[in-house]
Amino acid sequence: MRYGVYARKIYLCGRISSSIEMIEFRDVTFIYDGKPLIEHFTETIETGEKVVLYGSSGTGKSTLLGAIAGFVRPDNGEIAIDGKIMNGESIQLFRQQIAWVPQEFTLPYNTVREMIDAPFLFRINRQKRPSRHKILKEFEKLGLEEILYEKKASEVSGGQRQRIMIVIARLLGKEYTLVDEPTSALDENSIGSLINYIQNFGSSETVVMVSHDNRFISAFDRKIKIGV
Ligand SMILES: Nc1ncnc2c1ncn2[C@@H]1O[C@H](COP(=O)(O)OP(=O)(O)OP(=O)(O)O)[C@@H](O)[C@H]1O
């Protein structure tokens, strides 16, 4: 998984106290193999927005999501956080406020319980450490069965693992949650639960998602189409 190492860092790290108000893409272009993937892209994402990035396959949605987390740098243009151009130092700080939920992801934990517990063992998150009861209540909201909590991490499906990570993001209360294609292989009910769940993130919590699924896309007010 190309984002694996960084993703693990982001998943584990804590949060700093200052809060962000907006992220701007300013005339951003990404070029791969000599061809522009995204050209002159300009958008602002404000704090608290629940945003869906949508568009055809291969248009660069995941690249943009990765750029928010600083994994990918634009070839031209700038990304600014609260008016300041993202650089090596600011991205390190910003990453502490991100929960990153990719499509595929291997974490070094044997059980789901350990996977959920891990970020809360850090001093900065310790006060937010949820009880089993609280975790299971969140599971229920997303249609995740209680039995999953006791399973080996290798025994849960990719979609279940991703929803468990969305629960963790919610419980960590990070300012930004970035989710890559959370709807693959979900049935109608699960998509409905996920929409509700994400829309109920706090008003100061920003969620940016990539999705292909029209049921999901149409449920969000803030949509950004990538590609033609
Ligand atoms: N580091 C890289 N080097 C070369 N090409 C890359 C790199 N990262 C992405 N690409 C290419 O850029 C294109 C867009 O990839 P990206 O995953 O951002 O698109 P996407 O819109 O999220 O696609 P999908 O909807 O299929 O997941 C793909 O053709 C991909 O191969």
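Each ligand, and each atom within it, is numbered from 1 in the order the structure gives.
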Between Y176 and E205, do the side chains contain a donor N or O and an acceptor N or O under 3.5 Å apart?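 Their side chains do not contain a donor-acceptor pair, so the 3.5 Å distance test is not met.
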Check whether any heavy atom of V210 sits under 4.0 Å from an atom of ligand 1.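 Distance cut 4.0 Å: V210 fails for ligand 1.
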For Q103 and ligand 1, answer yes if some heavy atom of the residue is under 4.0 Å from a ligand atom, otherwise no.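 Judged by the 4.0 Å heavy-atom criterion, Q103 does not count as contacting ligand 1.
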Please name the residue in the list R132, R113, K137 that meets the salt bridge (Lys or Arg N to Asp or Glu O under 4.0 Å) test with E146.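 That would be R132.
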Would you say G58 and ligand 1 have an N/O pair spaced under 3.5 Å apart?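 There is such a contact, yes.
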Going by an N to O cut-off under 4.0 Å, is there a salt bridge joining K141 and E138?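 Salt bridge present between K141 and E138.
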Could you tell me whether K35 and D33 make a salt bridge, using a distance below 4.0 angstrom between a side-chain N and a carboxylate O?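 No, this pair does not count.
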Looking only at heavy atoms, is any part of T63 under 4.0 Å from ligand 1, and if so is it the side chain, the backbone, or both, or is it neither?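 Looking at T63 and ligand 1, atoms from backbone and side chain both fall under 4.0 Å.
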Under a 4.0 angstrom heavy-atom cut-off, which atoms of ligand 1 come close to H212?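 Reading through ligand 1 atom by atom, the close ones are 25 (O).
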Between F216 and Y54, does the ring centroid distance fall short of 6.0 Å?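 Not under 6.0 Å, so no.
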